[in-house]
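Report on the following structure.
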Amino acid sequence: MALDFLAGCAGGVAGVLVGHPFDTVKVRLQVQSLEKPQYRGTMHCFQSIIKQESVLGLYKGLGSPLMGLTFINALVFGVQGNTLRALGQDSPLNQFLAGAAAGAIQCVICCPMELAKTRLQLQDVGAARTYRGSLDCLAQIYRREGLRGVNRGMVSTLLRETPSFGVYFLSYDLGTRALGCEPGDALLVPKLLLAGGTSGILSWLSTYPVDVVKSRLQADGVRGAARYRGIVDCARQSYRAEGWRVFTRGLTSTLLRAFPVNAATFATVTIVLTYTRGPEDPAEDEGVPAAAPGSALAQPSSL
């Protein structure tokens, strides 16, 4: 269990480092103004950030997801494993339910973490910046708005994370079964990478419109007066102003991010487990595929 947790944390760090630039682009595209759009698309957003803010601009807000990583992985691994054991059978339905439970519980940390990340990704550079880092961002929000402000977007985060984690665990379970991911298989790592990357994409597709609403709620009031009264009002105003396509804004960068993030996570998990465990007995080998999915979604991700 301790080695699985260590491998999951290492895999999560790798996933965050690979995927954070894509997440920054996703958030910028999701919250930009329709009347005065700053970016024409995913590649233009990448190029503009690098040109105006250097490569480091793509890593704005990185401290927040890294800071919450250990706690999120602990919750995901603990809740998913205990829920699956409590349900008594390793079935596709129970994989979904256990994943959904893990997704719901970890929102306690995920929501404030993503709030800080979003605010840092949107702030200006140089002397005009408002926050010095993730902790400073959350501290300032708490002083101005209290606990409610720190948890802004919690309901929308729950609506996103609960089903998406369920879809992830379910699709990963089905994928590893279909690919025949057996201990000792020479192609085990490529198969895990394929299963994990595909599952990450499916999990994002399952709840992406909710993620757009969450990003807009958490960014509301950063640049100008607050516009939204809640989830339904945000969705309604966004749809009226921009049509149904508003709920796909940033999707390209998200999907471009999903596969390599999960691939990096699974590769790191496998390498850490291989070098820390050494020769494994069959019981230990059985845990390798099961340990990976929790860490893969513990980003951000999202996923």
Side-chain angles (χ1 to χ4, degrees), residues 9-33 36-70 72-73 110 112-138 140 193 196-197 200-201 204 208 211-212 214-216 218-219 222-223 248-269 271-272 295-303:
C9 289
V13 170
V16 171
L17 292 176
V18 170
H20 194 78
F22 294 95
D23 188 68
T24 298
V25 171
K26 179 203 73 169
V27 171
R28 295 279 184 102
L29 290 172
Q30 284 179 338
V31 303
Q32 71 174 343
S33 170
K36 297 180 180 179
Q38 190 175 357
Y39 311 110
R40 296 191 298 271
T42 300
M43 289 307 300
H44 181 245
C45 185
F46 264 113
Q47 294 168 352
S48 298
I49 293 173
I50 293 173
K51 182 178 180 180
Q52 297 169 10
E53 307 171 40
S54 81
V55 175
L56 294 178
L58 293 171
Y59 284 93
K60 279 186 173 181
L62 178 65
S64 182
L66 286 178
M67 180 178 62
L69 182 65
T70 300
I72 287 179
N73 274 276
C110 176
M113 182 186 74
E114 291 202 354
L115 174 64
K117 173 182 66 66
T118 298
R119 296 293 178 89
L120 288 167
Q121 286 172 331
L122 295 176
Q123 76 172 344
D124 296 324
V125 296
R129 68 176 185 170
T130 306
Y131 311 112
R132 296 190 301 274
S134 301
L135 289 176
D136 180 59
C137 177
L138 291 175
Q140 288 194 41
L193 294 174
I201 289 175
W204 270 112
Y208 191 78
D211 183 66
V212 174
K214 181 203 71 71
S215 293
R216 291 194 161 207
Q218 291 187 326
V222 173
R223 295 174 176 173
T248 66
R249 282 174 60 171
L251 180 60
T252 300
S253 61
T254 299
L255 296 183
L256 286 173
R257 166 182 176 263
F259 198 96
V261 163
N262 286 278
T265 302
F266 277 104
T268 304
V269 167
I271 291 171
V272 171
S295 60
L297 272 185
Q299 53 171 297
S301 135
S302 5
L303 295 156

For Val16 and Asp23: C-alpha separation, side-chain torsions, deciding distance, then whether side-chain contact (heavy atoms from CB on, under 4.5 Å) applies.
CA-CA 9 Å; Val16 171; Asp23 188 68; over 6 Å; no
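- Atom SG in Cys110 sits 7.0 Å away from atom NZ in Lys214 (nearest 0.5 Å).
- Annotation: side chain to side chain contact (heavy atoms under 4.5 Å, CB included) contacts of Leu56 (sequence neighbours excluded): Ser54.
- Between Leu17 and Leu62 the shortest side-chain heavy-atom distance falls below 4.5 Å.
- Taking CE from Met43 and OG1 from Thr252, the interatomic distance works out to 11.5 Å, rounded to the nearest 0.5 Å.
- Not counting sequence neighbours, Phe259 has no partner by the ring pair (Phe, Tyr, Trp, His ring centres under 6.0 Å) test.
- With values rounded to the nearest 0.5 angstrom, Leu255 atom CG is found 11.0 Å from Lys26 atom NZ.
- With sequence neighbours excluded, the residues satisfying side chain to side chain contact (heavy atoms under 4.5 Å, CB included) with Val25 are Leu29, Thr42, Cys45, Phe46, Ile49, Leu58, Ser253.
- Considering Gln32, His44, Gln47, Arg28 as possible partners of Tyr39, the one that fulfils the side chain to side chain donor-acceptor pair (under 3.5 Å) test is Arg28.
- In terms of modelled atom types and a separation under 3.5 Å, the side chain of Gln218 and the main chain of Thr118 share no donor-acceptor contact.
- Remark: Thr254 OG1 to Gln30 CD distance equals 6.0 Å, nearest 0.5 Å.
- With Lys60 as the fixed residue, the side chain to side chain donor-acceptor pair (under 3.5 Å) test singles out one of Gln123, Gln121, Glu53: Glu53.
- For Lys117 against Val27, the heavy-atom pair with the smallest separation is NZ-CG2, 4.1 Å.
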